[in-house]
Amino acid sequence: MRHDDAPGSSVSSRANRGWWDGNADDYQVEHGEFLRDDGFVWCPEGVDEAEARLLGEVRGRRVLEIGCGAAQCARWLVAQGAEVAAFDLSHRQLRHARRIDEATGLRVPVVQADAEALPFASGGFDVACSAFGALPFVADPLAVLREVHRVLRPGGRFVFSVSHPIRWAFPDDPGPRGLTSDRSYFDRSPYVERAEDGTVTYVEHHRTMGDWVGLVVSAGLTLTGLLEPEWPPGHERVWGGWSPLRGRHLPGTAIFSCARP
């Protein structure tokens, strides 16, 4: 599922760590109000865990957030009475987590780590979650899912959101141009940005819907649900390639619910 010329794990991790460290400030300025300091928003469509309850009851549960950014989701979980740990590849994003901790008084234990090798004990969590964190950016998503399986207790739940795979067949454009497919859905070439000297500076990897289901199963997890959020009426916010125009025609997000048997 990875092209031979696609960036591998170390290149993807190094590039994306640098990109997020360099862009975290702008990201939080642009999206922080929508995400809320202590809110759990799954996707640009605005699916809110406070209403969706995809994680079930979290009070008293040990929860891990994967690719937490500034830990907005984790902070909401703390407020619900969960015992939370969170991590991100980007040190700058975690500095924003500390900033928000100070402002809100809701403190989240965070650590800088790579999702392909989690620094947590086996069977230590009841629930794991990831809202567009880590999985779109890693070269080896199976390694991440196997690590999630390892750190979950038997019967534990994992829910993650990613860009809907069908979006890769269309230009990442919120306007009319984004409604016409210009490439094959089955072309799994990643999106790669490079510096003038050829150094990889950003990578996002494409998997089809079938790929994601296969990866979940191969990791020993059970797929228990799949949500393709519809664009809600009255929601006019544009986020990159997400927009009301495209949202009325194409799914923008896929949210997978999984369990460790």
Would the distance check show the side chain of Asp37 and the main-chain N or O of Gln72 forming a donor-acceptor pair, the cut-off being under 3.5 Å?
no
Taking the side chain as every heavy atom from C-beta outward, state whether Leu245 and Pro176 have any atom pair closer than 4.5 Å.
yes
Return yes if a side-chain donor-acceptor contact under 3.5 Å exists between Thr199 and Asp197, otherwise no.
yes
For a 4.5 angstrom cut-off between non-hydrogen side-chain atoms, does Val203 reach Phe137?
no
So, the side chain of Arg59 versus the backbone of Gln80: is there a donor-acceptor pair under 3.5 Å, distance only?
yes
Less than 3.5 Å apart, any donor N or O on the side chain of Ser9 or Asp140 sitting next to an acceptor on the other?
no
Rounded to the nearest 0.5 Å, how far does CZ of Arg92 lie from CD of Gln112?
13.0 Å
Tell me whether the NZ or CZ atom of Arg167 lies within the 45° cone about the ring axis of Trp242 and under 6.0 Å from its centre.
yes
Euclidean distance, Ser130 OG relative to Leu64 CG, rounded to 0.5 Å
9.0 Å
For the backbone of Val238 and the side chain of Ser243, can you confirm whether one donor and one acceptor N or O come within less than 3.5 Å of each other?
no
For the pair Asp48 and Arg36, find out whether any cationic side-chain nitrogen is under 4.0 Å from an anionic carboxylate oxygen.
yes
Do the side chains of Ile66 and Phe160 get nearer than 4.5 Å, heavy atoms only?
no
Measure from the side-chain N and O atoms of Arg246 to the backbone N and O of Pro244, and report whether any donor-acceptor pair falls under 3.5 Å.
no
Is it true that Arg75 and Asp101 make a salt bridge, defined as a side-chain N closer than 4.0 Å to a carboxylate O?
yes
If you measure only the distance, is there a donor-acceptor pair under 3.5 Å linking the side chains of Asp38 and Thr104?
no
Counting only heavy atoms not in Glu57, do more than 12 fall under 6.0 Å of its CD?
yes
Taking the side chain as everything from C-beta on, heavy atoms only, tell me whether Phe120 gets closer than 4.5 Å to Val111.
yes
Residues Ser12 and His205: side-chain donor-acceptor under 3.5 angstrom
yes
Is it the case that the side chain of Arg17 and the backbone of Ser90 share a donor-acceptor pair, with hydrogens and angles ignored and the cut-off at 3.5 Å?
no
Hydrogens and angles aside, do Glu49 and Trp42 bring a side-chain donor and acceptor to less than 3.5 Å of each other?
yes
Hey, does the side chain of Asp88 reach the backbone of Leu94 with a donor-acceptor pair shorter than 3.5 angstrom?
no
Going by atom types only, do Gln28 and Gln93 share a side-chain donor-acceptor pair under 3.5 Å?
yes
Under 3.5 Å, is there a donor-acceptor pair linking the side chains of Glu228 and His164?
yes
Less than 4.5 Å apart, side chain to side chain, heavy atoms only: is that true for Phe158 and Val127?
no
Heavy-atom count check: over 12 atoms from other residues, nucleotides or ligands less than 6.0 Å from Arg95 CZ?
no
Steps toward side chain to side chain contact (heavy atoms under 4.5 Å, CB included) verdict (Asp172, Trp168):
CA-CA 8 Å; Asp172 192 29; Trp168 284 78; over 6 Å; no
Is it the case that His96 and Arg99 place a side-chain donor and acceptor less than 3.5 Å from each other?
yes
Using 30° and 60° as the class limits, which term best fits the ring planes of Trp212 and Phe256: parallel, tilted or perpendicular?
tilted
Side chains of Ser122 and Arg150: any donor to acceptor distance under 3.5 Å?
yes
Of the options Arg153, Arg157, Arg62, which is the one that meets Asp126 in a side chain to side chain donor-acceptor pair (under 3.5 Å)?
Arg153
Arg237 side chain to His31 side chain, donor-acceptor N/O pair below 3.5 angstrom
yes
salt_bridge(Arg107, Glu102) N-O dist < 4.0 Å:
yes
Sub-6.0 Å ring centroid separation between Trp20 and Phe132
no
State plainly whether the residues Asp211 and Arg207 are in salt-bridge range, i.e. N to O under 4.0 Å.
no
Do Glu51 and Phe40 come close enough that some side-chain heavy atom pair is under 4.5 Å?
no
Any non-hydrogen side-chain atom of Leu226 less than 4.5 Å from a side-chain atom of Ser257?
no
Side chain to side chain, Pro44 and Thr253, heavy atoms closer than 4.5 Å
yes
